[in-house]
Every structure is written in C-alpha cells, then in structure tokens.
Amino acid sequence: MAITRSATLVRHLTDLCDLSASAFATKRLTPLRSPCCSPPSAEPEAAPLRVALLLSGGVDSSLALNLACAAGHTVTAFYLQIWFQEDFRNFWDACPWEDDLAYARAVCDQARVQLRVVPLTCHYWDHVVSACVADIAAGRTPNPDVLCNSRIKFGAFMEYLHSEHAGQFDRVASGHYARLDRWPTHDGTGAALPPILRCCADAVKDQTYFLAALSPAQLASAMFPLGALPKASVRTLAQAGRLPPAERKDSQGICFLGKVKFSEFVAQHLGTCPGSFVDADTGRRVGTHNGVWFYTIGQRKGIQLSGGPWYVVSKDPGRNLVYISSAYHAADKRRSTFRVGLFSWLGDARPAQGRNSGLRVKVRVAMRHFPPSMALLTRASLRCAMDQRHTAPA
Amino acid sequence: MRWETPEEAAAAVAGSSSYLDSLYGSVTPQRHDPPPSIQTPAAGVPRRVDATAPAVRPQGSLSARVELDASDQGLAAGQYAVLYDSHGACFGCGVILQGAVGGGDDAME
C-alpha cells in the first residue's frame, strides 16, 4: 500500500516536473534517497532537517507534510488548537476542531509521523482576535490571517517549541502557497544570507500577502513545501497519494470566524451604536446604520436604502458617520493613492522610490473568482518621507 | 451590549486589550522572533546559524505615499499593503493609514 502510494506520487511529481522543469529543478533531486522526488521548496538538498510541521487537517498542509517527509526530513506534526474560548462556543456553531483533528491524525498515521496537539486558543484570542476587534471598533479593516501567521503560527508556536522542545527543530513548515529562495552561500561575516519570500506558482492562490509581516528571523526558520505547486496540482498529488483529506473542501473566509458571520461576530463584541448614513455626493443624511464597525470601504451589502445601489465610500468613526454613494464607480470616486506606514521588512532589501522602479503592491489577496491574469499585483510608485502627520492609524 | 457613542465602544475594547498594545501595538505588524532553539541552516550548507539576530522593527515615524497605476476603490485604513519587486520578491508590508486614501496627485499632501 505504502509502496503503491509512493510510486503514484513519484509518477505525478515527475509529470509535474516535466511540465514545470524550472520550478522543480529535477536534476538536483535525489529520489533514491527518499521514497519519491520532492520539490526544491522542501529543501531536499539540506536533508535531514528536523521539521516541525503545522498540520491543520486540510489538503494543503497534509501534502506539505508528505513532501517534507519525501525530501528526507525528520518531521513532527503539530496541530494548533486555535478557536474561541470555551464560553464563545455557547453562542455559535460547534467549532471544527474534532473534524480537523481526526483528519490530522489520519494523515499522520498514514505517513507514520508523530502528531502533537498544542493549545493556543488563549494566545490566539489575546494576540489576534482582541487586536482585530479593537481595529474594527476604530473603523479600520484588520487582517487576522496576517496577524495569525506572525503572532501565532510563527510566533507563539515558536515560543512553545523553545519552551517545550528546545533545540529540537530546524524549521517550522506550513502548507502556505509561497516560495522561499535560499542562498547557498554566506555573507562575509559567515552569517547566512536571509531567504527571499517570493510569489508562488499559483498567482491566484499565492499567500505571500499573509506572510509579509513575518520577521527576518521567522522567515529564516520557515519552510513552505508547496511553493512550487499550483493548487490543482496539490489536489492531484493528494489524490494520487490517497491522503485522507484529498477530497476535503478548502476552508473559506477569515480564519478565526469559521462558520460565524462577520456581522454576528462584530455585533457580539461591539454591540450596536446607531449613526447616520450620509450621501457622500450631497452631504445629506439619508438613513441610519447600526454601527460604523459593520461597514467597510466598498461594501454594498447591508445598505437597504432606496435610490441605490449604495456603496460605502468612507467612514468617520469619531462622528459615527458612514458615507455612501450611489455613484460609486464615477471618476471622482476612483482611488489610486494612499499613505502607508508601520513598515515591517522581511530582510535588508527596500523598495526603490519613484516611478519606473518596478514596484508592485498588493492590498488584498486574490479571490477565487479572479482570473489568473488578475493577481492583484498593481504597478505602483513609492515616495518615502519622515512624516509626523501619519505616524499611527489614528 | 449597546454603546451610546463610538468613543465609548472603542474605549471598552481598548481597555480589554491595552496590555496587548504594549506588546504588539494595535495594528503594528510587529513579530515574534524565533527562540534560539530554531536554527537556520542555509540550503546545502551543513553549518547552522543562530537566527536570533535583532529583527528590523517597524519605523513608526516613516510613512510613504503609494501611487497605483490603476484605481482601487477598496482601499481602507488598516489594510496591509504588501510590496514586491517586478520579479515577485516580497520586501515586506506596511499598513494603510487612516485618512490617507485619495484619488489624485495632491490628495495625499
């Protein structure tokens, strides 16, 4: 059974290598050392590394585990228990812990990998959910997935490893769709050059957006075995390898919300605070909303007023006003400039300023319905300044 | 739960997470650095290097004006703006600042 499974994986990986030779660099692989060939994103040339793999029970992390094993690494799987505190389970649907964990156990049994469960719900609540609620209350649009990666998966979890498994691991691997290019040389001081995070082969599935707030040291410890694979290939390989979650649906939406609707989550935590809808084009009050935190820029849903469709064009949290427009797509509503601060860099490289610098900017992740040509990587120019007017997202 | 003013609601939330701000900042994308137990061998090089070098911290007073080639009507304060070079290499990210989204060349200034 195991031999058949590995042989099937080898065949499919080889097919993929033939289709994408540059991505797989097949000549550098040593399939005789491991049960099947492995993409360079799993660092087969550095094997055996001691890898702590974040396993969710989904198809992506399950295949990442198998690829890390196939590369010759010594893998231990970790399932992070991340969900609401117990009392919040009383309000909403049951969390998917049990289902996810059952899949994770099945994947580890199949791969003969040890699985450990790490309870990080309180950390998640403190460092991700609370921060997001505070941002929503202030009228901002937070991204819990970015925070989860930097503060939990590659943050609190690494602290857990340091506390409970000090000196036992070289890498923290995950099923993210991102490439990590490592240099085979050191700089003049003998220190390893920092790796470079790059967009993955699947422009729509690319998850570098969620990893961009990692520290250089976090990135240096990371491994993303799926970096060279498009999503369709991941599914094909999982099916070929008969991985337990091969047919499992991908998780959707904001990670901590799960089955909970965003509006219900916000209402539960922030309650309601009625204020005015204001027509951005006329300045007239046109209706009443239940709280500025229920709305985000560009939102159409939930504005049930005549004369629409209405879209949110701006918010004034201090005055509890939501500005809406029925001419959302008019030329004067177009937005092409913004100021950005609170920078977080992955390494020593900095973007060049000015036009024609080749800079690209992504302000959100691509949604599934976008064609691959719309990867939401927009050309942009940058002009930096020490500016005291916008030192915090007030 | 119902607040009379947005300030009241924000204060209640801020109070519950104030210690978090001291650790991380509200939306500041600060990071945990890995502990000494996580080491980083370079690809193909057996030598192992301590990965505990100080991280580059966000520089609170530095901001930049970004001008997109195309219109994007979904820009909102608090969103992360992730920066790449023309080959898809990621530099890192920043946070879109409040009251700093505009449509014209002079909208930011």
Side-chain angles (χ1 to χ4, degrees), chain A residues 45-46 130 134-135 137 140-143 146 150 155 158 162 166-167 182 184 192 196-199 208-209 212-213 215 217 220-221 270-273 297-298 317 320 334-346 351 358 360 362-363 378-384 387 390-391 393-394, chain B residues 1-3 6 9-10 13 17 26-29 31-35 37-40 42-44 49 51 55-56 58 60-61 63-71 73-84 86 88-98 100-103 107-108:
Chain A
E45 68 277 22
S130 293
D135 280 345
R140 296 187 287 265
T141 304
N143 191 311
V146 174
S150 60
M158 284 191 172
H162 179 51
R182 292 181 181 276
I196 297 175
L197 182 69
R198 290 186 185 277
C199 293
T208 53
Y209 183 86
S215 72
S221 300
L270 297 176
T272 59
C273 183
I297 307 299
N320 199 22
R334 288 177 186 162
R335 297 155 173 268
S336 57
T337 61
F338 58 89
R339 188 167 290 279
V340 63
L342 301 169
F343 289 104
S344 175
W345 305 113
L346 293 166
R360 304 287 189 277
K362 192 183 283 191
V363 292
T378 308
R379 285 176 186 271
S381 60
L382 187 73
R383 194 169 75 218
C384 289
D387 188 330
H390 296 287
T391 56
Chain B
M1 186 164 36
R2 180 187 173 103
W3 313 107
V13 173
S17 60
S26 182
V27 296
T28 305
R31 301 72 55 102
H32 287 243
D33 290 336
S37 60
I38 304 295
Q39 298 181 325
T40 57
V49 179
V56 177
S61 60
S63 66
R65 178 182 188 270
V66 178
E67 181 176 345
L68 304 175
D69 271 9
S71 172
Q73 289 173 278
L75 298 170
Q79 280 179 328
Y80 287 88
V82 178
L83 309 174
Y84 303 82
S86 56
C90 183
F91 293 107
C93 64
V95 177
I96 297 178
L97 301 174
Q98 198 118 9
V101 177
M108 305 291 300

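A, B, ... follow the sequence lines: proteins, then strands. Residue 1 opens every chain. Since we're looking at a predicted model, the values are computed, not measured.
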Phe343(A) and Ala64(B): which non-hydrogen atoms are nearest, and at how many Å? CZ-CB, 3.8 Å

Heavy-atom closest pair, residues Ile297(A) and Leu75(B): CG2-O, 3.5 Å

Heavy atoms of Ile196(A) and Ala89(B) approach each other most closely as CG2-CB, 3.7 Å

In this structure, SG of Cys93(B) is separated from CG of Leu342(A) (nearest 0.5 Å) by 9.5 Å

At their closest point, which heavy atom of Tyr209(A) faces which heavy atom of Tyr84(B), and how far apart are they? N-OH, 3.6 Å

So Trp345(A) and Leu83(B), do their side chains get closer than 4.5 Å, heavy atoms only? yes

For Ala81(B) and Val340(A), which heavy atoms make the closest approach, and how far apart are they? CB-CG2, 4.1 Å

